[in-house]
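The structure appears right after this line, and notes come after that.
Heavy atoms only: backbone and side chains are in, while hydrogens, waters and symmetry mates are out. Proteins come first, then strands; the chains are lettered A, B, ... in the order of their sequence lines, and each starts at number 1.
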There are 2 protein chains.
Amino acid sequence: MSTPPNARRPDPVTMEVVELIGDVVARFYEDYEEAAGEHALTGAQARLLSLLALEPLPMRKLALKLKCEPSNVTGIVDRLEVRGLVERRPDPADRRVKLAAATEEGRRVARELREGLRFAREPLAGLSDAERRSLRELLRRMLGVG
Amino acid sequence: MSTPPNARRPDPVTMEVVELIGDVVARFYEDYEEAAGEHALTGAQARLLSLLALEPLPMRKLALKLKCEPSNVTGIVDRLEVRGLVERRPDPADRRVKLAAATEEGRRVARELREGLRFAREPLAGLSDAERRSLRELLRRMLGVG
DNA sequence: TATTGTTATACTCTATAACTATA
DNA sequence: TATAGTTATAGAGTATAACAATA
């Protein structure tokens, strides 16, 4: 009874893929934190800044995208604002809303951050172009994108 | 000069793969944190407990594996020990060392945690067996394993 | 009344530095 | 002296609850 014969365990290949993905996740995260650190940013600050580099967003939307409580966003934006990387703007359409926006300096840092990700180069460099396309297709399918 | 013609930018396929990996990382992390939360564990506690479920480890080694300072491990092990999921044992070979070990309850929780990872089933379920094998091979190559 | 953002609070994770007990 | 683990401290992220301004 301790090991029901019909326990739905993933097959061995799936289990190994999950483990490999875990390794990729660990490596990617490590790389991201390091790249953020090179700009004296925490991971959370780097993620928020990267979002704002695309478009200004209300504090509430930032919380949704970062999957955290709105009260946290206040503090993270505060710290980025002190450093001149982010600014708060009023929303003409709704005076309750504050739009957080990356400054020019903030966008510059975000771009350097993105380009500093080693993971974009080294591990993938070991694959041929055909293999990268194959990997792209499999990841798309996995994520339900394609 | 603002955009050097020979700036080594990854090709478009590589860039898209990196973005897809970012999505996978976000999804995996979210899933892991949620699974941990279902057992009232933080992510750091879940990762430490999962390591100890394999084998007892000196505090120092735990810090190395978790890539954090040894002083942090003290607190995380403290909290898991209060809940009876982990215990500290002396190392007969070196009285300076404390071996952290998962209790039986701790190993049970670690197993449930592992089996609770939805990511092990849903996204990969959309791939055929051949595709999963192909993905396994590509990830191995990427990580320099195979 | 409902929503947006903030403040106040408490807990966890994190790094640094200083301490202890062993080696 | 050097190493293993701890303590003390401070900063940052997190969730919860209560609040002011606006809708």
- Partner of B:E131 under side-chain contact (heavy atoms from CB on, under 4.5 Å), picked from B:L127, B:D129, B:L135, is B:L127
- Rounded to the nearest angstrom, tell me the gap between atom OH in A:Y29 and atom P in C:dT14. 11 Å
- Looking at D:dT16, does its base get a donor-acceptor pair with the side chain of A:S71 below 3.5 Å? yes
- Could you state the atom-to-atom distance from CD of A:Q45 to C1' of C:dT14 in whole Å? 13 Å
- Message: For the residue pair B:R132 / A:T14, report whether a side-chain donor-acceptor contact shorter than 3.5 Å exists.
- Response: yes
- Task: Name the closest nucleotide to the A:T74 side chain, picking from C:dT14, D:dT16, C:dT7.
- Result: C:dT7
- Nearest-Å distance for atom pair CD/P, residues B:E69 and D:dA4: 13 Å
- Task: Nearest whole angstrom, please: distance from the P of C:dA15 to the CG of B:L64.
- Result: 12 Å
- Item | A:T42 or B:G75, whichever maps to the more 5' nucleotide of DNA chain D | B:G75
- Go through residues 78-98 of chain B and report each residue with a non-hydrogen atom lying under 4.0 Å from DNA chain D, sorted by number. B:R88, B:R96, B:V97, B:K98
- Item | Residue B:N72, side-chain atoms from C-beta onward, closest of C:dA15, D:dA12, C:dC13 | C:dA15
- Query: Of all the nucleotides listed (D:dG5, C:dC13, D:dA15), which has the minimum atom distance to the side chain of A:C68?
  - Reply: D:dA15
- Heavy atoms from other residues, nucleotides or ligands near CD of A:E19 exceed 12 (cutoff 6.0 Å): no
- For the ring-ring contact (aromatic ring centres under 6.0 Å, His included) test, which of A:F28, A:Y29, A:Y32 pairs with B:Y29? A:Y29
- Message: Applying salt bridge (charged side-chain N to carboxylate O under 4.0 Å, His left out) to A:E81 and A:K98, what does each step give before you reach the verdict?
- Response: CA-CA 13 Å; A:E81 196 167 29; A:K98 284 176 191 167; over 6 Å; no
- For the pair made of CG in A:L62 and C1' in C:dT6, what is the distance, rounded to whole Å? 15 Å
- Would A:R108 and A:E105 count as a salt bridge (charged side-chain N to carboxylate O under 4.0 Å, His left out) if you check the C-alpha gap in whole Å, the side-chain angles of each, and the deciding distance to 0.1 Å? CA-CA 5 Å; A:R108 193 183 60 72; A:E105 169 76 356; 2.9 Å; yes
- Query: For B:R60 and D:dT6, what is the distance between atoms CZ and C1' respectively, to the nearest whole Å?
  - Reply: 11 Å
- Message: Could you tell me how far apart A:L41 (CG) and C:dT14 (C1') are, to the nearest whole angstrom?
- Response: 16 Å
- Item | Linked, directly or transitively: A:L62 and A:V97 (ILVMFWY side chains, under 4.5 Å) | no
- Query: B:L66 CG to C:dC13 C1': how many Å, rounded?
  - Reply: 11 Å
